[in-house]
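The next block holds one structure in the form of structure tokens; read it before the comments.
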Amino acid sequence: MHTGVKITAFAAALAATFGTAYGVGAGVGPVVAEEERPAARHGERQPGGHGERDAAGHGEPDAAGHDAPAARAPGGLQVSERGHTLALEPSALRAGERGELRFRVTDAHGRAVTAYEREHGKELHLVLASRDLTVYRHLHPVRGADGTWSTPVEPPRAGDYRAFADFTPAGGTALTLGADLAVSGAYRPAAPPAPNRVAEVDGYRVELAGTPAPGRATGLTLRVSRDGRPVTDLQPYLGAYGHLVALRAGDLAYLHVHPHEGPAGPEVSFTATAPSPGAYRLFLDFRHGGKVRTAAFTVHAH
């Protein structure tokens, strides 16, 4: 398998485009029991199952062909799939206040799942994003013995959000399930993020080179610098030097991809294939100086 993980085709057309500019968010959730490993050497698979997923964030078809990519919706658009359901517990989340998000993943019999495959040091990855794609949080919740997951969260703005649970049940197929979440407070509509090639966060400058092309694999390179100097000592975060999450404008179809092998900066490279012309929001998580930061970009595939 090629070490570059591809974002492969979606089935549906893009639902919205972006307009006025918006700044880059830097929030990342708490990391519990972190397992750090360097990026894979040439010819190795990245740890975990994300590298084997199709456009929907799923694995290869099983023997009965139930997981055929062509028959499945993109990841994160469905709350239930293959007998598993993302069940959010009622949460009174308010903008600007620290609260707790709780949920379970249930099986076809309504029982909470308590056995997972570990991927990139975690049993489950949780992403929280606002519908307008101006807020993004990559969270790592803690699972209780009864299968209930929980994580502190402090959404900065009121409005509609979507929670994405990215996991593989033990002995099963990789899944990404999504559920809507409302955050109360004084709601002020935000202008959608404008296209950008440079993101600045906490004094770091991240430059994006390359543009996804519909139906064709294209290289994306992100270069990290600080105070005008290239950063050459990026630290592993969940087993890699960079993690990229892509959300499609409008319906927030979800993709989680990982980089090519390479040195610890200043460049982190990916291979992406856009499903169709339109706008996408890309979130790069990188770690340096013991802290994880997020750089966000809006790109138009054409």
Side-chain angles (χ1 to χ4, degrees), residues 1-10 24 26 28 36-55 57 75 119-121 125 127 136 138 166 195-202 204-226 228-248 254-275 279-289 291-302:
M1 171 183 173
H2 191 283
T3 52
V5 180
K6 297 192 296 182
I7 304 177
T8 52
F10 283 126
V24 175
V28 176
E36 296 296 355
R37 290 177 293 205
R41 297 188 299 272
H42 182 70
E44 290 185 346
R45 287 176 54 183
Q46 290 285 351
H50 295 297
E52 304 300 322
R53 297 182 181 191
D54 60 21
E119 296 185 354
H120 305 281
H125 299 262
V127 164
Y136 166 88
H138 186 170
D166 188 354
N196 65 304
R197 290 283 177 173
V198 177
E200 296 187 359
V201 52
D202 291 348
Y204 292 82
R205 179 184 176 92
V206 185
E207 300 174 70
L208 170 65
T211 301
R216 179 167 54 87
T218 306
L220 300 177
T221 300
L222 296 111
R223 181 179 177 86
V224 183
S225 62
R226 188 180 188 186
R229 301 184 182 90
V231 175
T232 58
D233 57 345
L234 291 171
Q235 298 166 319
Y237 173 56
L238 301 177
Y241 291 123
H243 280 242
L244 185 68
V245 169
L247 296 175
R248 184 169 64 184
Y254 173 97
L255 289 165
H256 191 176
V257 296
H258 300 284
H260 296 183
E261 58 157 314
E267 295 181 345
V268 184
S269 298
F270 301 82
T271 299
T273 302
Y280 300 82
R281 189 73 166 158
L282 310 180
F283 299 93
L284 174 73
D285 292 331
F286 66 96
R287 185 173 186 167
H288 189 250
K291 182 178 179 180
V292 178
R293 297 169 174 86
T294 303
F297 304 86
T298 298
V299 297
H300 283 264
H302 53 77

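The model shown is predicted, which means the values in this text are computed figures rather than measured ones. Side-chain atoms are counted along with the backbone in the values below, which use heavy atoms only and exclude waters and symmetry mates.
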Heavy-atom check, side chain of [X] versus side chain of [Y], under 4.5 Å:
X: F286; Y: L244; result: no
X: F283; Y: H138; result: no
X: R216; Y: T218; result: yes

For residues [X] and [Y], report the shortest heavy-atom separation together with the two atoms involved.
X: H300; Y: A279; value: CE1-CB, 3.5 Å
X: A295; Y: A199; value: CB-CB, 3.9 Å
X: H260; Y: F270; value: NE2-C, 3.6 Å
X: G262; Y: Y241; value: O-CE1, 3.8 Å
X: P236; Y: R287; value: O-CD, 3.6 Å
X: L234; Y: G265; value: CD1-CA, 3.8 Å

Would you confirm whether [X], through its side chain, and [Y], through its main-chain N or O, come within 3.5 Å as a donor-acceptor pair?
X: D233; Y: G289; answer: no
X: N196; Y: T298; answer: yes
X: T221; Y: G219; answer: no

Going from [atom1] on [X] to [atom2] on [Y], what distance comes out if it is rounded to the nearest 0.5 angstrom?
X: F297; Y: E207; atom1: CZ; atom2: CD; result: 8.5 Å
X: T294; Y: L282; atom1: OG1; atom2: CG; result: 12.5 Å
X: D166; Y: E119; atom1: CG; atom2: CD; result: 7.0 Å
X: L208; Y: R197; atom1: CG; atom2: CZ; result: 5.0 Å
X: T211; Y: L220; atom1: OG1; atom2: CG; result: 7.5 Å

query = Do Y237 and H243 have ring centres separated by under 6.0 Å?
reply =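 Under 6.0 Å, so yes.
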
ask   = With ring centroids as reference points, do H288 and Y204 lie under 6.0 angstrom apart?
value =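 Between H288 and Y204, the centre distance is under 6.0 Å.
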
query = With sequence neighbours excluded, what pairs up with S225 under the side-chain hydrogen bond (donor to acceptor under 3.5 Å, both in side chains) test?
reply = none

message = The criterion is side-chain hydrogen bond (donor to acceptor under 3.5 Å, both in side chains); which residues satisfy it with T232, sequence neighbours excluded?
response = none

key: Carboxylate-amine/guanidinium contact R226 D202, below 4.0 Å   =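 Salt bridge between R226 and D202, a charged N being under 4.0 Å from a carboxylate O: no.
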
request  = Could you go through the side chain to side chain contact (heavy atoms under 4.5 Å, CB included) check for V245 and Y254 one step at a time?
outcome  = CA-CA 7 Å; V245 169; Y254 173 97; 3.8 Å; yes

